[in-house]
There are 2 protein chains.
Amino acid sequence: MNCKPSRTEEHKKDLMAVQDSMDALQGKWKISIISSICYYNKRRFSDILNDVIGISNKMLSKELKELEINKLIKRTVLNTQPVTVQYELTQHGKSLQTIINNLKDWGIKHRQEILTNNADIFIDVKTKDALVENS
Amino acid sequence: MNCKPSRTEEHKKDLMAVQDSMDALQGKWKISIISSICYYNKRRFSDILNDVIGISNKMLSKELKELEINKLIKRTVLNTQPVTVQYELTQHGKSLQTIINNLKDWGIKHRQEILTNNADIFIDVKTKDALVENS
DNA sequence: CCGTATCCCCGGGGATACTG
DNA sequence: CAGTATCCCCGGGGATACGG
């Protein structure tokens, strides 16, 4: 991305590509879910439900559906009794590794950056609120 | 990120780092805003309002505030009449280039992936709905 | 010019209960 | 076991108007 205003036609495409990536990864749990599946290679619904702390079955179902539509994971219904469903990363899903790694590295640098030179202020990265400390 | 379930303590940190990055970049307009400022090096409020198509002043104000809190941009009030305000990327903000580039590249691959082998189905990447074509 | 304030709508996302 | 269905709340985000 060569830093152009979004009005220039070619740059609009770059911007859209970035947004497409963000959309695919957005959602509170997507990265955690990908991570869980990736580690175990193949993973069942209830297992992921256990791996990802705090997620509800509704959310898991929804996020998995989106990941599948985006071809990041593959869903397989197994012939067991009762039915079990297996999820695994597609090749395309695995290609996310680089990005996720970059995001992790930058995130660590970011946290340091935010925490440095802020002795008098406490920044809550999550809520993005800057709160003055009680003296 | 070495693909571990989020319950393992060290991996939670990795996950959090990724989330921190996502949080900093999330918001409908952040990337577009960063892109605009980056291109012009220094850019005023009303100019960005013009560069980023469709954004409202309220949203621009809010997103700029968040970017500033996250130390990605620097805000300077100029001594003009009436007052003008200048925004520029910090060093930390510029360090996003790599990530944004990766996101762009992956986004392009992603779009191709989604569009391939889907002659009978139309995928709306934005809404994530898979719509069967009218025959 | 650079924002805030207000109103309002819609969708993300939690809790819980129910089905094949 | 693997999801749906329902209810409900809250915050993102648009439109518009106002203030320094």
Side-chain angles (χ1 to χ4, degrees), chain A residues 6 15 19 22-33 36-37 40 42-70 73-88 124-130, chain B residues 6 15 19 22-33 36-37 40 42-70 73-88 124-130:
Chain A
S6 59
L15 238 30
Q19 272 311 128
M22 292 297 286
D23 288 347
L25 294 179
Q26 242 150 32
K28 197 171 173 182
W29 311 98
K30 292 237 167 60
I31 311 244
S32 301
I33 294 170
S36 162
I37 298 177
Y40 290 104
K42 296 169 193 286
R43 201 70 174 148
R44 289 177 313 143
F45 188 90
S46 54
D47 294 330
I48 304 173
L49 204 53
N50 253 281
D51 294 337
V52 181
I53 306 159
I55 196 173
S56 67
N57 52 354
K58 183 184 104 177
M59 271 301 109
L60 180 54
S61 174
K62 196 186 125 206
E63 301 270 63
L64 284 170
K65 210 177 291 175
E66 292 175 4
L67 289 172
E68 198 192 354
I69 288 178
N70 280 317
I73 61 173
K74 181 163 159 301
R75 193 184 105 111
T76 316
V77 179
L78 299 180
N79 250 340
T80 52
Q81 187 52 272
V83 169
T84 57
V85 181
Q86 200 171 66
Y87 294 91
E88 55 195 310
D124 186 335
V125 178
K126 287 296 178 193
T127 63
K128 288 154 191 153
D129 287 330
Chain B
S6 59
L15 238 30
Q19 273 312 127
M22 292 297 285
D23 288 347
L25 295 179
Q26 242 152 31
K28 198 172 173 182
W29 312 98
K30 291 237 168 58
I31 310 247
S32 301
I33 294 170
S36 162
I37 298 178
Y40 290 104
K42 296 170 193 287
R43 200 70 174 150
R44 288 177 313 143
F45 188 89
S46 55
D47 295 329
I48 304 174
L49 204 55
N50 253 281
D51 294 337
V52 181
I53 306 161
I55 196 173
S56 66
N57 53 353
K58 183 183 104 176
M59 270 302 109
L60 179 54
S61 173
K62 195 187 125 206
E63 301 270 63
L64 283 171
K65 210 179 290 175
E66 291 176 4
L67 289 172
E68 198 193 354
I69 288 178
N70 279 317
I73 61 174
K74 181 164 160 298
R75 193 183 105 112
T76 316
V77 180
L78 299 182
N79 250 340
T80 52
Q81 187 51 271
V83 169
T84 57
V85 182
Q86 201 171 67
Y87 294 92
E88 55 194 310
D124 185 335
V125 178
K126 287 297 177 192
T127 64
K128 287 154 194 152
D129 287 330

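Side chains are part of it too, since the values below use all heavy atoms of this structure and drop only hydrogens, waters and symmetry mates. Every chain is numbered from 1, with letters handed out A, B, ... down the list of sequences.
Among the protein residues, A/K58 comes within range of the nucleic acid bases, having at least one heavy atom under 4.0 Å from a base atom.
Partner of B/D51 under the side chain to side chain donor-acceptor pair (under 3.5 Å) criterion, out of B/S46, B/S36, B/S32: B/S36 alone.
Toward the 5' end of DNA chain D, the nearer of the two residues A/P82 and A/N57, judged by each one's closest nucleotide, is A/P82. Each of A/V83 and A/W29 has a nearest nucleotide on DNA chain C; the 5'-most of these lies closest to A/W29.
Here the shortest heavy-atom pairing between A/A24 and A/L67 reads O-CD2, 4.3 Å. Nearest heavy atom pair, residue B/K42 against residue B/E88, reads NZ-OE1, 3.1 Å. Between A/W29 and A/E63, the closest heavy-atom pair is N-OE2, 3.0 Å.
Residue A/K62 places its side chain closer to C/dG12 than to any other of C/dG12, C/dC1, D/dG14. Picking from D/dG3, C/dC2, C/dT4 the nucleotide with the shortest atom distance to the side chain of B/R44 gives C/dC2. Counting only heavy atoms from C-beta on, B/S56 has its side chain closest to D/dG14 among C/dG3, D/dG14, D/dA2. The side chain of B/K28 lies closest to D/dG14, out of C/dT4, D/dA2, D/dG14. Each of D/dA2, C/dC2, D/dG13 was ranked by its minimum atom distance to the side chain of B/S46; first place goes to C/dC2. Comparing D/dA2, C/dG3, D/dG14 against the side chain of A/F45 picks out D/dA2 as the nearest.
Contact annotation: A/S61 side-chain N/O to D/dT4 OP1/OP2 distance is under 4.0 Å. Phosphate contact (OP1/OP2 of D/dG3, side-chain N/O of A/Y87, threshold under 4.0 Å): present.
Atoms CG (A/L60) and C1' (D/dG3) sit 9 Å apart, rounded to a whole Å. Atom CE in B/M59 sits about 13 Å away from atom C1' in C/dC9, given to the nearest Å. Taking atom CD1 on A/I33 and atom C1' on C/dG13, their separation rounds to 13 Å, with Å as the unit. If you take CD of B/Q86 and C1' of C/dG3, they are 17 Å apart, rounded to a whole angstrom. Distance CD1 (A/I48) to P (D/dC1): 14 Å, rounded to an integer number of Å. Straight-line distance from the CD1 atom of A/I53 to the P atom of C/dG13: 18 Å, rounded to whole Å. For the pair A/K65 NZ and D/dA5 C1', the computed distance is 12 Å after rounding to whole Å. Taking atom CD1 of residue B/I55 and atom P of nucleotide D/dG12, one finds them 15 Å apart after rounding to whole Å.
Checking side-chain atoms of A/K30 against main-chain N and O of A/Q26 turns up a donor-acceptor pair under 3.5 Å.
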